[in-house]
Structure formats: structure tokens, C-alpha cells
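Let me begin by presenting the structure, written as C-alpha cells, before commenting on it.
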Amino acid sequence: MVRDDLADAGHANFETKTLESDDEMEWEEVDVLQDDPKDSGLPTQNVEVILEQSTQKQKKRVGGDPVQRKLRLEAHKTHTVALLASFSLRNRWINDPLLHARLLSLTPLPLQMSFSMIHKKTEPDASRRTRLFQTACFKLTEWWQSFFHVIKGKGMRSRTFLEVETQRIQNEKQSIADLKGKGKVRTANSEEPPWSDRVRSAKSLMKHALLQKGSADTSALLFTALCRALDVPARLVVSLQSVPWSSKSETLKTDVGASPLHNGGTQDEVIVRKKRSRPRDRNARVVLPRASSTEPPLEGWPPVIWTEVFSRPEGRWIPIDPIRYLVDKKKLFEPPANCRVNRMMYVVAFEEDGYARDVTLRYAKEFAAKTAKARALTKRGQSEWWQRIISMLTRPYRLHRDDVEDGELESLQYIEGMPTSINGFKDHPIYALERHLRRDEIIHPMKEIGIFRGEPVYSRSSVQRVRTAETWIREGKVIREGQQPLKRIVKRAHTINRKRALELAKTESPEVPTLGVYAEWQTELYVPEPVVDGRIPKNDFGNINLFVSSMLPAGAVHLPFQGISKVAKEIGIDFAPAVTGFEFRKGHANPIISGIVVAEENQELIVSAYWESVQANQEAENLKRRERVLRRWSKLILGLQVRKRLQEEYGGSENKVDEAETPQVSSDTEAHTLRDASLGNTT
DNA sequence: GTGTTTGATGTTCCTTTGTAGTGC
DNA sequence: AGCACTACTTTGGAACATCAAACA
């Protein structure tokens, strides 16, 4: 699955590249044509191209560009997966025994002792053990602060899509320049980025441990390794700094075609020329607010990587940030919402055994209202994509502590409280507002659980999907007797016939026809009429509806074999073609018929007859093929005989030409014939 | 500055049982 | 004759999502 995703992502990347280059080429073409239309002598076709381009340009100027949006989303996903892989690897590195040994050798013995001391045998009181453990954590953290020198201004940080793009194009240019200039030497480009330590293996980590300095990220990696070395279960917790996909979070602005003076006027902004070679981007400018992009993560701010240690006496995970001297302060790990260098979207905890868990809920204060919305969304606000990704790293079996943690995280959702904005209620897992209800949703029961700006707030669990009776039967359900529709919706027509009927109705009465819709609890399972005397109940079309398996009548069986209806007809037993769905083509709904439904007692009879007919068909087919093959063979042999005779009678001394001459039967046909013959022989 | 509304545009979902003509 | 296959009459249209700009 991972490979799939990566492949997808790679594909997307490739696509965009080709798209881009296509764009470029087309643009160049336009320019040439505009400059000198008569030159090439190509008439109307090119004019069309120009028109196409101009409309595209207009589309791009107004609103979001769908290609761009898809690209962003793909980039976000790919980046997230790549980050996960990267940290999965780092999580393995920090298990290195040699690294553990090195770290232990550098750790003062009393500190080591303070952890190993805590044991049920030596200290039977759980609350005392808890306190001892906390104290040990504090001590270790304190020591780490003096031991490890954190180099300021280094470390992973979030960058927006545009920043990355700009960087990428710059790099490309640089590498091209390098190639042109010095040939193979590419020192400038292959240098590590200024914001990160170069950590390539457990060995580099060891080096940093010995030097006792490095970025905040390296510090976190080493601290986690140390905890593991001390036999304290420790997780490497990472807040993945994926490229944001939403252009809303892109605090940068691109003004295509805006006047430079207009943008340049404000003093607080640094104007960066977008590095693009395309002519249309000549006026494109990127406006970067000064405070953000150039500055590294600020001192005293939440880290991107930190450690969670497992407190055995309490049975829970405790976050530790040694740089800020924080133990068990989970509320202080979320960066402010407007922070551009550190965005909390996915917080993943990697455990010693290599598995990982999503622990975002523990740290994000407004998870449902805000954090979850920054993630890659798929359908109906559900980020199932992420579920799929994280499930690949999830431990296949569950530990007791997993259950405990899930309970904790779930309860956190409820503690989160109401969103602070109207938008926060949209797709919120716990709360709902009436204004955000979809066409096919209702609130039942209408129990207010709060008020937000004068609007009643309801529980998400009381939001129910409603459907028409017609739609419910597709699920094999019917409306219970005496149930009244909860809501009425405007009728819509989707096939030509229905549309005509609707038009007709409109001319007769001016009022809009509506349909009643019902909730699931108003329905019951549809029980079809049973089979009586081998007779299958049929609908007006002579079929039987079998949208779900529960719609099969008692005493009947479904035989989903192609062409079986013919056999049933020949035998003369009662049957009904099974309609399992509909297919929409050319404004018509066509039933999808898969096999037939017959009475149970006829099953054996018809199935054996069916197999017989299938076999008979196969035999007939084989016979036909055999005949065909034999015909071809006789034709070939006859041809050869004729040829031989002709050569004997008239060929004379020209016999030598034979070899050069191609035979009358082409080699292609021959091959076919031979293959057919062999097939014919085997059957 | 934040959050909301509004308008424009793109995307997705919902839909839910033909017929005449041709060729084998 | 009877069956299978195909083209044509077209299939949107509203809800929803997203974005930028205006506004409170």
C-alpha cells in the first residue's frame, strides 16, 4: 500500500511536470503566433489555440486553479508519507545498541540509578512510585539541558507550498548553472540546508552525542534514545510539518498582473521575485511577511520533535521537552495558530518496536474544530486517507496501554469543548448546527445541548440521514407502517422520461412537487413475498429486484451466471431475472441484470442443465475451431502441392530461386494455423 | 487582525426499468 | 424469425467546496 501511494504521488509529480512543460511550450507558441501570424502559413487551427489559452488564463485568474489545488493536495500527502518514512527510519536509528551504550556512558550514574530504583519490590506504594518517576524525569531533563548544547536556529520547520516551489526552481537553476560552469562539481547545491543537522545514520547521532551539540531536533532524537537506553519505554513524537495543501494556510500572496507599485508600497513586506522563466509570470510577485519565512523556530517555542516516556506506575504516556524543561505539560506543545514555521496537523508517536500511533488529540487543543481540517480531506470531511496511512504503521495487535490511551484520547475529544467559530461546527464530530445540515440530513431528536451566538447547538449523533422511500428500497428497507416523513425535499428528475413527466406535471399545477424523506429508524427490513409452488414473485417489468441479498424471497436462490436465463427458459421452469442495480447511459437508467432467481427446489436441475449447456457450447466451439484449423491445413498443403507441381513442370533450371521466393502462405498465417492446430489437437 | 458573509467558479453527488434500426 | 448489439433523441442540476474580497 505504501508503495502504491508513493507511486501515485510520483505519478502526480510527473504529471505536473509534464503539465508545466506543456504549458510553457504552448505559451511560447502563442507568443510566436502573435508576433508573426503569417510566417508559418498555418491558418485557423492556431487561432483556436490562442482562444483556448486566453480562456484558460481567465479561469486561472479568478478563483482557485483546480490543477494547482490537486497538485497541492498530492504534494501534501506525499510529503506526509515521506516524513513518516523518514522518522520511522530515525526511530530505528535511535534503537542502536552502540548509541545506547555511548549515551549511558555519558550519563551520570545517580541518574541511571534513579530510574532503575523504581520498582514494585522496593517501593510498593504506586503513588510514591509515580512521584519518584516524575522526579527522575525532571532530574534527567535538567541534566540534559546542561549536557547538550542546542544550536539555535536549526531544526525542521514548516514551509508553504510556494516557498518550496520557489526553492525548487532556484535549485534547478543552480544545478543547471553548475553543470554549465564546472561540469560535475556541484558542491554548492549538495550542501545541507542551513536549518538542519546532517543526520544520516545512528553514527551521525553518536557523533552529535559526543560533541554534545546539535539542533533541537537532534536533541530530541538523542534524548529519546537515552530514555530507551535507561530502559524507560520512550516514544519519538513528531509533529509532521507537511506542506499545507490549503491555499488558505498559505499566508503568502501571489498577485498575477498586479502593479508592482501597489505591492511595493507597504514597508513591512519583503518582495521576492518569483523565480520563473515563463513570460506570464513576469509580474508575479510573492509577498512574504517579514517575520515568518526567514526566521528559524523561535526560542522557547514548542518543538517539532519530542519524547514521550511511559510512566509504568500510572500506566500513561508523559511528554517531555528537555529544551524547555517541561515534563508532563501536554498543553504546551501546540504552536500558536498563526505560526508559520510550526504547524500542528499530524502528531505521530513512534514506539520502540517500530509501530506508531496518532496522538494528535493529546496535543491539539481544538482538534476537531481546527487541526483536523488542516489535514488532507477526502470525502464528506472524513480524512480516510490518513486512516489508511497510519494503519500501516499501527501495531497489528493491541496492548493494554493502547486501549488505555485510546480511552484517554477519546475523552479528550469531549473535553475539547465547543468550537469558537461558526466554521468550527462544520463537520465537527461532536457538535452540529442546523445551518450546516445537508439536504438529506435532519436533527432527531431536537435536543439542544447548548447555544452558540443565539443558535441552538445539537449533538452530531442526532444528525441523521434521511432518504426517500425509493432510495431506502435500494438498501433493502421499507418505510414502516404509519410513519410520517420528517422532511420534504424538492423532487428531481435525472432521466429523460422522468423529466418529461415532471414537465408535464409543471404545466398542470404550478406548485413544486416534493418528496417525503424518512430516517433509518422509520424503516424496517423489506421482506419479499415468498416463493409459492416454485413461482417467483416478479415486478411490473417481469424482473425481481435484488439490490441487497436480504431481498431474496424465502425459498429462492440467486444464480448469478451469465446466459442462465436462456437455459431456464428452455427447461420451462419459472424464473425471474435479478436486477442488482442500475446503469445510467444517455439519460436512461438501464437495469443491471445479473443472473436469475429460481425456486430452491429447481436449483440443482437448472444448474446442472446450465453446466451442460456451457460444456456443450464449449464443445461446439472447439469443434468449430478444429474445423477451421483443418481447413487451413488442407489449404496449406494443397497450396504447397500446387506449387511443387508448377515448379516441376515449368520451373526447370530456375529451381534455385525457390529459396528467395516467399511461400504463398504468409508466415503470419502459418503461425496462426500451427497454433490453432496444436490447440485443436489437445482438446 | 480575526472571523464571517458573499459572489464566482469548480466538483461531486444523485439519479433508479427506451427504442428503432441493423446484422447475423 | 428472432436475437444481440448499437446509436440516438443527451444528462443535468443542485448541493457542496473553495477561494478571494468585502465587511463587521
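Just so it is clear, the values below take in all heavy atoms, side chains as well, and ignore hydrogens, waters and symmetry mates.
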Decide ring-ring contact (aromatic ring centres under 6.0 Å, His included) for A/Tyr458 and A/His444; before the verdict, give the C-alpha distance in whole Å, the side-chain angles of both, and the deciding distance to 0.1 Å. CA-CA 9 Å; A/Tyr458 302 96; A/His444 186 93; over 10 Å; no

From the list B/dG18, B/dC14, B/dG3, which nucleotide is the closest neighbour of the side chain of A/Asn497? B/dG18

Take the protein atom CG of A/Asn590 and the nucleotide atom P of B/dT16, then report the distance between them rounded to whole Å. 13 Å

Ion pair present between A/Glu334 and A/Lys365, side-chain N to carboxylate O less than 4.0 angstrom? yes

Is a donor from one side chain sitting under 3.5 angstrom from an acceptor on the other, for A/Ser462 and A/Gln464? no

Please measure how far the C1' atom in C/dG13 lies from the corresponding atom in B/dT17, and state the result in whole Å. 22 Å

What is the separation between atom CZ on A/Arg438 and atom P on B/dC14, rounded to the nearest whole Å? 10 Å

May I have the distance from A/Ile496 (atom CD1) to B/dT19 (atom C1'), rounded to whole angstrom? 11 Å

Let's test this: given Watson-Crick or G-U wobble pairing with both distances under 3.5 Å, identify the partner of B/dT17. none

Reckon A/Ser421 has a side-chain N or O less than 4.0 Å from the OP1 or OP2 of B/dT2? no

Take atom C1' in C/dA22 and the same atom in B/dG1, then report the distance between them in whole Å. 15 Å

Taking the six-membered ring of A/Trp472 (Phe, Tyr or Trp), confirm whether the NZ or CZ of A/Arg467 is under 6.0 Å from its centre and within 45° of its axis. yes

Whether A/Phe582 stacks on the six-membered ring of B/dT16 base, 5.5 Å and 30° limits: no

Using OP1 and OP2 only, check whether a side-chain N or O of A/Arg498 sits under 4.0 Å from C/dT11. no

Separation of B/dG3 P from A/Lys426 NZ (nearest whole Å): 16 Å

Between P of B/dT16 and CG of A/Asn543, the distance in whole Å: 17 Å

Would you classify B/dT6 as syn or anti? Syn applies when the glycosidic angle is within 90° of 0. anti

Separation of C/dC16 atom P from A/Arg435 atom CZ, nearest Å, is 14 Å

Are the charged groups of A/Lys624 and A/Glu627 less than 4.0 angstrom apart, N to O? no

Pair partner, C/dT10 [Watson-Crick or wobble, under 3.5 Å]: none

Taking B/dT12 as the reference, what is the distance to C/dT11 when you measure between their C1' atoms (whole Å, please)? 15 Å

In whole Å, I'd like the distance from the CZ atom of A/Arg474 to the P atom of B/dC13. 16 Å

Could you check which of B/dG3, B/dT15, B/dT17 has an atom nearest any side-chain atom of A/Lys370? B/dG3

Which one is paired to B/dA8, where only Watson-Crick or G-U wobble pairs with both distances under 3.5 angstrom count? C/dT18

Nearest-Å distance for atom pair CZ/P, residues A/Arg500 and C/dT9: 12 Å

Check whether any side-chain N or O of A/Arg439 sits under 4.0 Å from OP1 or OP2 of C/dG13, and answer yes or no. no

Remember a base hit wins even if backbone is also touched, and classify A/Arg467 as base, sugar-phosphate or nothing at under 4.0 Å, heavy atoms. nothing

Nucleotide nearest A/His588 (side chain, heavy atoms from C-beta), chosen from B/dG18, B/dT16, C/dC16: B/dG18

Check whether the aromatic ring of A/Phe584 stacks on the base of B/dT15, taking stacking as ring centres less than 5.5 Å apart and planes within 30° of each other. yes

If you define the side chain from C-beta out and look only at heavy atoms, does anything of A/Tyr431 sit under 4.5 Å from A/Ile449? yes

A/Pro591 has a side chain; which of B/dT4, B/dT16, B/dT17 sits nearest to it? B/dT17

The side chain of A/Val579 lies closest to which of these nucleotides: B/dT4, C/dG13, B/dT17? B/dT17

